[in-house]
Structure formats: structure tokens, C-alpha cells
Amino acid sequence: MKIAHVEAIPFAIPYRKPLRFASGEVHAAEHVLVRVHTDDGVVGVAEAPPRPFTYGETQQSIVAVIDRIFAPEVVGLSLLEREVMHARLERTVGNPAAKAALDMACWDALGRTLDLPVTQMLGGYTDRMRVSHMVGFASDEAMVADAERVRDTYGITVFKVKVGRRPVSLDVGACRALRAALGPEVELYVDGNRGWTPSEAARALHAMEDLDLTLSEELCPADDVLGRRWLTARTSIPTVADESATTPGEVTRELLGGSATMISIKTARTGFHTSARILHQCEGMGVEVVMGNQVDGQVGTACTVAFGAAHRHSSRRAGELSNFLDMSDDLLTEPLEISGGELAVRPGPGLGIEIDPDKLAHYRTDRS
């Protein structure tokens, strides 16, 4: 079970439409497929989605740091030497998506080696999660049409609405249109991707008090600690820390400092290893979590649902598991399917997914 070789393969798959939010927009999934090969001939896979406007990583930087720094540090280690691997990875600061993908590919390889599903190895609480769908910036009519299509096609009744535009009335109006069209039985919450000042966010939340929003996520800049603390203290809507709480230390700061009351866990950012630490940290402090999404493809989504379903605490809320629906294609031999508003964990060893070699050959960008 020793790591013999690590691959970092860049690929690009166009989105059906650009995804727009306060911190930027993406037109294609320019991600990195990470493959961990063992000396037994087993191959584990995971996906690293770069988000330069959030974490500073690019597709090229992820490939470079894995090829030049991380792979030499982990080759020769057993898949069971996880603490050793992470101690070596943490010598290099930053690069969260690269570290997370390497971690999850090792877990996939371990599950395949032991002929066990990763979700069972992580905890095995359930085999599925309810799904939350992200509604991005567009006209009110287009946002409503997108939500209605997803509800009618996939049975999804939980929606995360991207906000953070100026004037704030744009997003207040969008949320009002969504509530009017979808009715009271649908859950709505908002994510500002750090787009508003605290005063703008306060005005927006006050204007939407009658819309029964369940969460508000990162409405203000992540480093505006005092502003976010002020905002959290004056609203009854739970405040979710996302970009401001990417490590166990940051989680402690946000919660004890009063800047947040909930935490978003993203396996694309903290893998399975650190995500478990954050989850148990939150559980011990009596804090709810939501399984977030880094605009993952189907490989990354399979990782998120495997982790979220494995634990009681992370499976309670709907997970953000539908962003791959906006991609024009994917790399899997058998696509993920959302039905009845739920996404089931794939059966089989590891993550239960297989990469289609023809699709990978078509979409990879490191070969002419």
C-alpha cells in the first residue's frame, strides 16, 4: 500500500453558462485531476478546483506544487501514514485545494485496496444527502426559471442564492422573486462571497426579514473581523463562515470571536483529513455545519457526498452537491444522478467512481 507515483493532470470542461458571483465568475471548469498510484497497482483519484480569487491557487500552480513539492514528499509512504503525509504537506503554506485532492485520492486508493467504500471508512452514517442548488447572478426572471427547472427536474427544494451586488436592492429583489415563485415550502439562504460591507449586508438582511431565510454566508470581507462580528450580533439569521474559516484555527477564531454561528465544510479545501477535524470541532462546540461546494465537478461532488453522508452531524442539512449540473460534460464513466432532491453515495470500493479515459484524453490540457 505504498505510494509509488502521483499525477496532476489539468483539464478544462466548459460550463453551459458562465457562473457569476460577487468574487468572480467562471466560464469553464479548469480543474486538476489528481491520481495516486500505489505499488500494488491501485489508482486513487480526486479533483482540485482552483479558485484564484479566493485562495490564490491556479490550475498551473496546483500542478506545479504537486509535481515539484508534494509528490516527492509522499512517494514511498504507506496509505496508512496519513499523519506523516500531512505533516510533510503542512511544511508548505497555503495550496489548500492541492493538499485536499492529494489527501482524498489517497483515501480513494485505500478504499480500493481494502475493497471498502470511503464513506464507510469515514463513519458510514447514511448513504445519501439532500441537495442544495446554487442560483447565480442573473435577472430575476432567469434566476427564478433556473430554480423552477431544478426543482421540477431533480426534486430539489433547497436553494443557495448568490448575493453581494450593488445596489443591494438587486439581490433583495431577486430573493423576493424567488420566494414568491417557489413558495414557503422551499428553503432559501444567501451567500455573499464577501461582496458587501457590513452596513450594506445589514440593510439587505433587514429588507429580507420577511423572506424566512435560513442562513447567511460570508456577506462581508473575510478579514473584516470586527465588521462581521457586528453584523452577526444584530441578526437572528445564522451566520455561516466559509472563506473566513478554512482551517481549525480559523474556525476557533470565528466561533469564539462571535463572527459566525455556523461553519461551511468543503472537502475540496480541507480534504477528508482536515474536514473531519473541523467537523468534530464544531460538533463538540454545538455548532451546525453545512457541506459546501467549490464549484466542483462530479469527481469533487462524489468526495463531498461521501464525507457528508458518513457523519451524522454533516448529513443533517442539505449539501451543496449540484454545481456539476452547470457543466457541459464530466470525466466519469457513469454520471452522478440527483433524484428526489437527493444524491446517493456511489456503491463500490473507494469513492465508487471511475474515470473515462476517452473523456480525460479529450479534455486534458497538457497534451496537444
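What you see is a predicted model; the values in this text were computed from it and never measured. The analysis underlying the following values was restricted to heavy atoms, covering all of them including side chains, and did not include hydrogens, waters or symmetry mates. Throughout, residue positions are numbered sequentially from 1 according to the sequence presented.
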J.: Is it true that the NZ or CZ of Arg269 lies under 6.0 Å from the centre of Tyr55's six-membered ring and within 45 degrees of the ring axis?
T.: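 No, Arg269 does not sit over the ring of Tyr55.
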J.: Would you say that Val63 contacts Gln60 through its side chain, given a criterion of any heavy-atom pair below 4.5 Å between the two side chains?
T.: no
J.: Do you know which two heavy atoms are closest between Ala8 and Pro10, and how far apart they sit?
T.: O-CD, 3.6 Å
J.: Could you walk me through whether Arg16 and Asp326 satisfy the salt bridge (charged side-chain N to carboxylate O under 4.0 Å, His left out) test, starting with their C-alpha distance in whole Å, then the side-chain angles of each, then the deciding distance to 0.1 Å, before giving a yes or no?
T.: CA-CA 6 Å; Arg16 301 181 193 279; Asp326 291 316; over 6 Å; no
J.: How close do Trp196 and Ala201 get, heavy atom to heavy atom, and via which atoms?
T.: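 Heavy-atom minimum between the residues: CE3-CA, 3.8 Å.
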J.: Could you state the interatomic distance from CG (Leu170) to CZ (Phe137), rounded to the nearest 0.5 Å?
T.: 9.0 Å
J.: Please lay out, stage by stage, how Arg112 and Glu354 fare under the test salt bridge (charged side-chain N to carboxylate O under 4.0 Å, His left out).
T.: CA-CA 11 Å; Arg112 292 170 187 265; Glu354 298 295 338; 3.0 Å; yes
J.: How long is the span from the OG1 atom in Thr119 to the CH2 atom in Trp107, to the nearest 0.5 Å?
T.: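 Going from the OG1 atom of Thr119 to the CH2 atom of Trp107 covers 10.5 Å.
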J.: side-chain hydrogen bond (donor to acceptor under 3.5 Å, both in side chains), that's the test. Do Ser259 and Thr232 meet it? Break it down for me.
T.: CA-CA 6 Å; Ser259 301; Thr232 299; over 6 Å; no
J.: State, with a plain yes or no, whether a side-chain heavy atom of Leu321 is found less than 4.5 Å away from one of Thr304.
T.: yes
J.: Within this structure, what is the CD1-NE2 distance for the pair Ile3 and His5, rounded to the nearest 0.5 Å?
T.: 12.0 Å
J.: List the steps and the verdict of side-chain contact (heavy atoms from CB on, under 4.5 Å) for Ser314 and Ile265.
T.: CA-CA 9 Å; Ser314 54; Ile265 297 177; 5.6 Å; no
J.: Apply side-chain contact (heavy atoms from CB on, under 4.5 Å) to residues Leu255 and Gln281 and explain how you reach the verdict.
T.: CA-CA 11 Å; Leu255 294 175; Gln281 180 182 3; 5.9 Å; no
J.: Applying side-chain hydrogen bond (donor to acceptor under 3.5 Å, both in side chains) to Thr246 and Glu250, what does each step give before you reach the verdict?
T.: CA-CA 6 Å; Thr246 64; Glu250 290 175 347; 2.6 Å; yes
J.: Evaluate the side-chain proximity of Ile338 to His133: yes if any heavy-atom separation is below 4.5 Å, no if none is.
T.: no
J.: Give a yes or no answer on whether the side chain of Asp108 reaches the backbone of Val45 with a donor-acceptor pair at less than 3.5 Å.
T.: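 Side chain of Asp108 to backbone of Val45, a donor-acceptor pair under 3.5 Å: yes, one is there.
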J.: Assess whether side-chain hydrogen bond (donor to acceptor under 3.5 Å, both in side chains) is satisfied between Thr157 and Glu185, documenting all intermediate values.
T.: CA-CA 8 Å; Thr157 57; Glu185 67 278 3; over 6 Å; no
J.: Testing the basics here: between Ile263 and Ala245, what is the closest heavy-atom pair and its distance to 0.1 Å?
T.: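 Taking every non-hydrogen atom into account, CD1-CB, 4.0 Å.
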J.: How about Thr54 and Arg194: do any of their side-chain heavy atoms sit closer than 4.5 Å?
T.: yes
J.: Flag yes if Met291 and Met104 sit in one hydrophobic cluster, no otherwise; membership is Ile, Leu, Val, Met, Phe, Trp, Tyr, and two members link when side-chain heavy atoms are under 4.5 Å apart.
T.: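 Yes, Met291 connects to Met104 through the hydrophobic network.
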J.: Does Asp242 use its side chain to pair, donor to acceptor, with the backbone of Ser264 at less than 3.5 Å?
T.: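 Looks like no, no N/O pair under 3.5 Å.
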J.: Do you know which two heavy atoms are closest between Pro14 and Tyr363, and how far apart they sit?
T.: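 Taking Pro14 first and Tyr363 second, the nearest heavy atoms are CD-CE2, 4.5 Å.
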J.: Is the side chain of Asp103 donor-acceptor paired with the backbone N or O of Gly271 at a distance under 3.5 Å, no angle test?
T.: no
J.: Please confirm whether the backbone N or O of Pro117 pairs with a side-chain atom of Gln120, one donor and one acceptor, at under 3.5 Å?
T.: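 Side chain of Gln120 to backbone of Pro117, a donor-acceptor pair under 3.5 Å: no, none is there.
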J.: Verify side-chain contact (heavy atoms from CB on, under 4.5 Å) between Tyr189 and Val158, making sure each step is shown before the conclusion.
T.: CA-CA 8 Å; Tyr189 62 102; Val158 182; 3.8 Å; yes
J.: Measuring from Cys175:SG to Asp212:CG, what's the distance to the nearest 0.5 Å?
T.: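 Rounded to the nearest 0.5 Å, the SG-CG separation comes out at 12.5 Å.
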J.: Does Leu102 share a hydrophobic cluster with Ile355, counting links as ILVMFWY side-chain heavy atoms below 4.5 Å and allowing steps through other members?
T.: yes
J.: Do the side chains of Leu188 and Val168 join up, straight or via other hydrophobic residues, at under 4.5 Å, putting them in one cluster?
T.: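 Yes; tracing contacts between hydrophobic side chains, which count when under 4.5 Å, links both residues.
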J.: Check the hydrophobic clustering (I, L, V, M, F, W, Y; side-chain heavy atoms under 4.5 Å; chains of links allowed) and say if Leu215 and Val135 are grouped together.
T.: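 Different clusters.
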J.: Give a yes or no answer on whether the side chain of Ser322 reaches the backbone of Leu325 with a donor-acceptor pair at less than 3.5 Å.
T.: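 Checking the backbone N and O of Leu325 against the side chain of Ser322, no donor-acceptor pair under 3.5 Å is found.
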J.: Measuring from Met121:CE to Phe272:CZ, what's the distance to the nearest 0.5 Å?
T.: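 The distance works out to 10.0 Å.
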J.: Search all heavy atoms of Thr261 against all heavy atoms of Val287 and return the closest pair with its distance.
T.: O-CG1, 3.4 Å
J.: Please answer whether the main-chain N or O of Ala98 pairs with a side-chain N or O of Asn95 as donor and acceptor at a distance below 3.5 Å.
T.: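 It does not hold such a pair.
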J.: Please report the interatomic distance OG(Ser328) to OH(Tyr15), rounded to the nearest 0.5 Å.
T.: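 Nearest 0.5 Å value for the OG-OH distance: 10.0 Å.
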J.: Can a salt bridge be assigned to the pair Glu243 and Arg51 using a cut-off of 4.0 Å between side-chain N and carboxylate O?
T.: no
J.: Under the salt bridge (charged side-chain N to carboxylate O under 4.0 Å, His left out) criterion, do Lys160 and Asp191 qualify, and how do the steps go?
T.: CA-CA 7 Å; Lys160 173 179 182 172; Asp191 176 13; 3.1 Å; yes
J.: Less than 4.5 Å apart, any side-chain heavy atom of Val289 and any of Glu283?
T.: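 Not touching, per the 4.5 Å side-chain cut-off.
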J.: Out of the candidates Ile66, Leu89, Val84, only one should pair with Val74 under the side-chain contact (heavy atoms from CB on, under 4.5 Å) rule; please name it.
T.: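 That would be Leu89; it is the only one of Ile66, Leu89, Val84 passing the side-chain contact (heavy atoms from CB on, under 4.5 Å) with Val74.
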J.: Are the side chain of Asp296 and the backbone of Thr301 linked by a donor-acceptor contact shorter than 3.5 Å?
T.: no
J.: Look only at the side chain of Glu47 and the backbone of His31, and say whether a donor-acceptor pair between them is shorter than 3.5 Å.
T.: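 No, the answer is negative, given that no donor and acceptor are paired below the 3.5 Å cut-off.
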J.: Find out whether Met85 and His273 are in side-chain contact, i.e. whether some heavy atom of one side chain is under 4.5 Å from a heavy atom of the other.
T.: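 They are not in contact (no side-chain heavy atoms under 4.5 Å apart), so the answer is no.
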J.: For Glu73, does its backbone N or O pair with a side-chain atom of Arg88 as donor and acceptor, under 3.5 Å?
T.: yes
J.: Do His311 and Tyr125 have side-chain heavy atoms sitting under 4.5 Å apart?
T.: no
J.: Would you check, one step at a time, whether the test salt bridge (charged side-chain N to carboxylate O under 4.0 Å, His left out) holds for Lys266 with Glu320?
T.: CA-CA 9 Å; Lys266 293 182 176 177; Glu320 296 165 6; 5.8 Å; no
J.: How far apart are the closest heavy atoms of Gln298 and Asp330, and which atoms are they?
T.: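 Of all heavy-atom pairs spanning Gln298 and Asp330, the closest is N-OD2, 2.9 Å.
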J.: Under 4.5 Å between side-chain heavy atoms, hopping through other hydrophobics if needed: is there a path connecting Val251 to Leu256?
T.: yes
J.: I'd like to know whether CZ of Arg166 has more than 12 heavy-atom contacts from other residues, nucleotides or ligands below 6.0 angstrom.
T.: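 More than 12 heavy atoms, drawn from other residues, nucleotides or ligands, come within 6.0 Å of this atom.
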J.: With side-chain contact (heavy atoms from CB on, under 4.5 Å) as the test, would you mind laying out the steps for His37 and Glu7 before giving the verdict?
T.: CA-CA 8 Å; His37 300 252; Glu7 291 181 280; 2.7 Å; yes
J.: Is the closest side-chain heavy-atom distance between Phe11 and Leu331 below 4.5 Å?
T.: yes
J.: Does His206 NE2 have over 12 foreign heavy atoms under 6.0 Å away?
T.: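 It does not: His206 NE2 has 12 such atoms or fewer within range.
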J.: Please confirm whether the backbone N or O of Asp358 pairs with a side-chain atom of His362, one donor and one acceptor, at under 3.5 Å?
T.: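 A pair under 3.5 Å: no.
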